[in-house]
Amino acid sequence: MKKSIFLTIIILTISLLSGCSRANEITSANSAEVISDNKSSGSITIGFSQVGAESDWRNINTESMKKSLSADNGYSLIYDDGQQKQQNQIIAIRTFIQKEVDYIVLAPVIEDGWNTVLAEAKDAGIPVILVDRKVNVEDNELFTCWVGSDFELEGRKVCEWLNEYCKANAIDAENINIVNIKGTEGASAELGRSRSLHKAVNKYGWNLLDEASGDFTQAKGREVMAGFLRKHKDINVVYCENDNEAFGAIDAIEAAGKKAGNDIMHGEIMILAFDGSTEQAINEIRNGRISCIGECNPLHGPRVEKIISNLEKGIIPDKYEYVDEDIFSADTSVKTITLDDISYNIVTP
Ligand code: GYE
């Protein structure tokens with residue numbers, strides 16, 4: 001009896017002490033991390049539900065968000081890593097609602113399945129800002145605004161680059177044998193980039209041999225490419241829906257004794273990719289193992305911060321804010337590409 005009273009006192013003391021030392025901290029049941037805590041000084045509290053840490057792009061994006069929504073800038077940020085699972089993101093949003101944050105920032109892993117939880121945020125009167133990928137909801141009033149890239153446009157630019165490459169090098173469409181390493185199925189970046197590839201395949205008459213998801217990761221990109229190489233003998237173009245998948249695909253190509261490069265009529269396999277946000281990716285362009293990258297800009301932190309500071313001043317943001325992007329290639333046979341009367345320069349690093 002005495003022993004249990006003693007234990008209770010110890011437990012109470014420990015929890016009281018830890019409660020004191022963390023008086024200003026906000027934590028969530030979903031292993032959320034408190035990044036910046038300025039709540040005591042009347043700062044703006046933000047819950048940020050991130051997709052995960054699947055790629056270099058994502059890690060740069062996370063850093064950009066944390067830097068902009070810092071205590072120095074007047075924010076208390078609760079960061080939650082969804083580990084590429086929508087269910088984790090839903091739990092995080094519910095926790096943010098319980099904590100009565102001022103804003104929820106959501107980078108949704110996939111487009112579908114957000115109606116219920118976003119309605120809960122709306123009922124709680126918490127504005128939701130979407131970043132990067134989009135949501136497919138019945139009522140667009142369930143979120144305040146979205147900022148990110150036009151993934152379908154990125155895909156069109158890369159496909160148009162391939163078409164121009166074929167023209168410049170006198171390669172017939174029937175000789176193009178493509179495989180697609182898709183991103184996470186149902187994610188805006190996968191849907192948009194795949195849509196553009198399918199349209200181009202129909203428009204130009206290329207052969208699309210196979211498609212499978214590499215989940216935007218390097219390990220899965222390698223595995224999927226190794227499988228494609230075992231199954232199809234005549235692949236000469238790989239459409240990788242991000243750079244990490246491309247790095248994995250290059251490994252698989254080299255492990256199979258083949259070469260990644262532009263000379264597709266003489267046995268090389270051309271790699272097309274998206275992001276271009278790391279030195280490693282740009283180096284692969286320089287050394288010719290990646291032929292073309294559709295740029296995808298991960299630096300959304302300052303954009304989201306601007307939206308929030310404007311909302312604080314009563315300025316209504318545009319519902320959709322698209323970021324301008326380039327394409328990267330070291331090949332000099334294609335100088336520009338044109339889409340809907342807009343010409344895009346090709347950046348040669
Ligand atoms: O291309 C990829 C990341 O949604 C734009 O997600 C983002 C994509 C990006 O994992 O690298």
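One-based numbering, in listed order, for ligands and for the atoms of each.
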task: Compute the shortest N/O to N/O distance between Glu241 and ligand 1 and return yes if it is under 3.5 Å, no if not.
output: no
message: Tell me if a side-chain donor or acceptor on Gln89 pairs with a main-chain N or O of Val109 at a distance below 3.5 Å.
response: yes
message: Under the side chain to side chain contact (heavy atoms under 4.5 Å, CB included) test against Ile327, which residue among Ile293, Ile337, Val347 passes?
response: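 Among the candidates, only Ile337 passes.
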- prompt: Which residue and non-hydrogen atom of the protein lie closest to atom 11 (O) of ligand 1, and at what distance in Å?
  reply: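 Its nearest protein heavy-atom neighbour is Asp275 OD2, 2.6 Å.
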- request: List the closest protein heavy-atom neighbour of atom 6 (O) of ligand 1: residue, atom name, distance to the nearest 0.1 Å.
  value: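 Ranking protein heavy atoms by distance from atom 6 (O) of ligand 1, first comes Arg133 NH2, 2.8 Å.
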- request: Decide if atom NZ of Lys319 counts as having more than 12 heavy atoms of other residues, nucleotides or ligands within a radius under 6.0 Å.
  value: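 For Lys319, atom NZ is crowded (more than 12 foreign heavy atoms under 6.0 Å).
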- request: Take Phe48 and Val304 through the test side-chain contact (heavy atoms from CB on, under 4.5 Å) and record every step on the way to the result.
  value: CA-CA 11 Å; Phe48 172 38; Val304 170; over 6 Å; no
Show which atoms of ligand 1 fall inside a sub-4.0 Å distance from at least one heavy-atom site of [X].
X      : result
Glu54  : 3 (C), 6 (O), 10 (O)
Cys296 : 5 (C)
Asp132 : 4 (O), 5 (C), 7 (C)
Phe151 : 5 (C)
Ser55  : 2 (C), 3 (C), 10 (O), 11 (O)
Ala189 : 4 (O)

query: In a check of ring pair (Phe, Tyr, Trp, His ring centres under 6.0 Å) between Phe274 and each of Phe328, Trp57, Tyr239, which one passes?
result: Tyr239
- request: May I ask you to decide if the ring planes of Tyr320 and Phe143 are parallel, tilted or perpendicular, using 30° and 60° as cut-offs?
  value: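 Tyr320 and Phe143: perpendicular rings.
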- request: Check each heavy atom of Arg193 against ligand 1 and say whether those closer than 4.0 Å belong to the side chain, the backbone, both or neither.
  value: side chain
query: Using heavy atoms and a threshold below 4.0 Å, how should the contact between Phe274 and ligand 1 be classified: side chain, backbone, both, or neither?
result: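 Under 4.0 Å from ligand 1, Phe274 contributes no heavy atoms.
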field: Any side-chain donor near an acceptor of the partner, Asn180 and Asp210, under 3.5 Å
entry: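 Asn180 vs Asp210: no donor-acceptor pair found between side chains.
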statement: Only one of Glu211, Glu241, Glu154 passes salt bridge (Lys or Arg N to Asp or Glu O under 4.0 Å) with Arg193, and that residue is Glu154
- request: Decide whether the shortest distance between a heavy atom of Ser149 and an atom of ligand 1 is less than 4.0 Å.
  value: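 Judged by the 4.0 Å heavy-atom criterion, Ser149 does not count as contacting ligand 1.
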